[in-house]
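Note that the coordinates shown come from a computational prediction; the quantities given were computed from them, not determined experimentally.
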Amino acid sequence: MKFKNLAAFAVSIAAVATMSGCAAASDKEEIKQDNNITESLPPEQLPPVTDTPEQVPPVTDTPEQLPPEEEAPSAPVVKPEVKTAAYISVTADGVNLRTGAGTNYTVVGSAEKNTLYSLLGEENGWYMTKYRDKTVYLSKKYCVTVDFPSSGNKTVEAVIAEGSKFLGVPYVYGATRLHDGKGNMLKGFTTAKFDCSSLMQYIFYKGAGQLLDVTTRTQVVQGATVKKSDLRRGDLMFFTNATRKDKVGIERIGHVALYLGGNYILHTASDYAKIEQISQTRWGYYIQSQRII
């Protein structure tokens with residue numbers, strides 16, 4: 001019994017020693033391995049790290065790989081409409097103006113080559129326009145159409161429309177004015193005859209309610225003066241003439257016309273109201289321009 005106890009005791013001692021030895025050896029080995037890693041191996045011999053950023057599997061939901069968002073449909077680009085004023089240009093002298101769209105209608109006048117008339121419509125090969133405040137027709141065979149950029153100002157266009165009604169009305173120097181310059185209507189006025197300043201006075205009153213004075217030399221000081229390079233559709237243009245060109249100041253002024261654009265004017269001078277190009281001779285007489293509207 002005593003021997004068995006001693007033997008058991010000896011076995012117990014040996015087991016403890018063995019366990020202690022394993023623990024000590026294990027600790028030393030771990031330390032030795034740590035030392036080998038941190039102190040003995042150069043950096044280039046270190047085992048590669050398997051979780052480097054380059055080796056991390058790529059993220060599949062990168063912005064480039066996301067399905068594109070649907071864009072809202074963009075509104076169509078709408079170009080601004082350029083408004084124009086249409087005219088008839090006569091290509092021959094003596095073209096008949098008739099009361100209807102056909103050669104069987106009465107001739108009421110004739111059109112001069114290169115003069116313009118407002119284009120109001122088209123019917124059976126004929127253009128409709130105004131002549132002496134009446135509706136008349138010109139054969140398309142002797143005409144072409146011309147477009148001018150509109151002023152974009154309804155009042156300006158109304159003034160021009162009024163003037164276009166009276167193409168062909170005879171010129172009469174000193175014709176009775178519509179009013180005295182202050183809005184008082186004058187007796188004896190008629191639209192059957194105009195001179196240059198009475199025509200301008202009438203169409204500005206009817207088209208825009210503007211009171212122009214009674215002569216070119218008093219109208220020239222109305223409105224705002226504009227440079228020749230700044231001329232716009234609806235401006236008044238003032239000229240001298242052969243009898244006044246040597247005078248000074250406003251006494252030089254002898255003629256007025258309404259500018260339409262494209263080097264064309266609406267006016268009356270010596271024969272009848274018409275729309276025509278400004279000739280080189282008339283440009284030589286040019287003095288200044290006034291903007292009323």
Side-chain angles (χ1 to χ4, degrees), residues 79-93 95 97 111-122 127-131 136 138-169 171 194 196-197 199-200 202-204 207-208 210 216 219-220 223-241 255-293:
K79 294 182 180 180
E81 180 182 354
V82 178
K83 294 183 178 180
T84 58
Y87 293 87
I88 307 160
S89 178
V90 181
T91 59
D93 279 319
V95 177
L97 294 154
E112 182 183 343
K113 185 178 181 179
N114 296 328
T115 55
L116 302 187
Y117 293 81
S118 59
L119 176 56
L120 302 179
E122 184 178 340
Y127 288 127
M128 182 171 64
T129 188
K130 283 286 188 177
Y131 176 77
V136 299
L138 283 159
S139 173
K140 289 178 64 176
K141 295 178 182 179
Y142 310 105
C143 303
V144 295
T145 59
V146 179
D147 289 335
F148 290 163
S150 170
S151 67
N153 185 313
K154 290 182 179 179
T155 306
V156 168
E157 295 304 318
V159 170
I160 296 171
E162 281 295 325
S164 298
K165 293 177 183 178
F166 298 100
L167 302 180
V169 171
Y171 172 89
F194 288 106
C196 63
S197 53
L199 177 60
M200 295 302 112
Y202 177 82
I203 66 177
F204 270 86
Q210 293 285 330
T216 56
Q219 289 176 358
V220 74
T225 303
V226 293
K227 296 178 182 178
K228 179 181 175 181
S229 58
D230 293 333
L231 267 172
R232 290 201 314 227
R233 183 173 165 85
D235 289 341
L236 288 178
M237 299 181 70
F238 292 87
F239 304 85
T240 188
N241 54 36
H255 186 61
V256 61
L258 185 69
Y259 187 63
L260 300 185
N263 200 44
Y264 278 86
I265 51 175
L266 188 160
H267 70 144
T268 184
S270 75
D271 46 11
Y272 54 87
K274 65 179 70 174
I275 296 173
E276 64 180 349
Q277 282 190 316
I278 307 171
S279 67
Q280 288 298 317
T281 299
R282 195 173 297 282
W283 271 123
Y285 285 152
Y286 175 72
I287 302 295
Q288 71 184 60
S289 295
Q290 298 295 116
R291 185 164 296 153
I292 306 301
I293 302 171

Within this structure, what is the [atom1]-[atom2] distance for the pair [X] and [Y], rounded to the nearest 0.5 Å?
| X | Y | atom1 | atom2 | answer |
| --- | --- | --- | --- | --- |
| L116 | L260 | CG | CG | 8.0 Å |
| I278 | H267 | CD1 | NE2 | 8.5 Å |
| Q219 | M200 | CD | CE | 8.5 Å |
| N241 | R282 | CG | CZ | 9.0 Å |
| Y131 | L138 | OH | CG | 10.5 Å |
| Y142 | D93 | OH | CG | 13.0 Å |

Looking at every heavy atom in both [X] and [Y], which two are closest together, and how far apart are they?
| X | Y | answer |
| --- | --- | --- |
| Y286 | F239 | CA-CD2, 3.5 Å |
| F204 | I293 | CE2-CD1, 3.9 Å |
| V159 | A208 | CG2-CB, 3.7 Å |
| M128 | I88 | O-CD1, 4.1 Å |
| N263 | W283 | OD1-NE1, 2.9 Å |
| C196 | T216 | SG-CG2, 3.7 Å |

Ring geometry between F148 and Y87 (parallel below 30°, tilted from 30 to 60°, perpendicular above 60°):
tilted
Between L119 and V146, is any pair of side-chain heavy atoms under 4.5 Å apart?
no
State, with a plain yes or no, whether a side-chain heavy atom of K130 is found less than 4.5 Å away from one of S164.
no
Mind running side chain to side chain contact (heavy atoms under 4.5 Å, CB included) on V169 and T268 for me, showing each step along the way?
CA-CA 8 Å; V169 171; T268 184; over 6 Å; no
Could you give me the CA-CA distance, side-chain angles and deciding distance for I265 and Y259, then say whether side chain to side chain contact (heavy atoms under 4.5 Å, CB included) is met?
CA-CA 5 Å; I265 51 175; Y259 187 63; 4.2 Å; yes
Name the one of K83, R233, E157 that satisfies side-chain hydrogen bond (donor to acceptor under 3.5 Å, both in side chains) with S151?
E157
How would you list, by chain and number, every residue that makes a side-chain hydrogen bond (donor to acceptor under 3.5 Å, both in side chains) with D230, sequence neighbours excluded?
none
Of I292, D235, L236, I275, the residue whose pairing with L258 passes side-chain contact (heavy atoms from CB on, under 4.5 Å):
L236
Y127 and Y117: aromatic ring centres closer than 6.0 Å?
no
List the residues meeting ring pair (Phe, Tyr, Trp, His ring centres under 6.0 Å) with Y171, not counting sequence neighbours, and say none if there are none.
none
Hey, mind stepping through V220 and V256 against side chain to side chain contact (heavy atoms under 4.5 Å, CB included) and telling me if it holds?
CA-CA 9 Å; V220 74; V256 61; over 6 Å; no
Can a donor-acceptor pair be found, under 3.5 Å and without considering hydrogens, that links the side chain of T129 to the backbone of S118?
yes
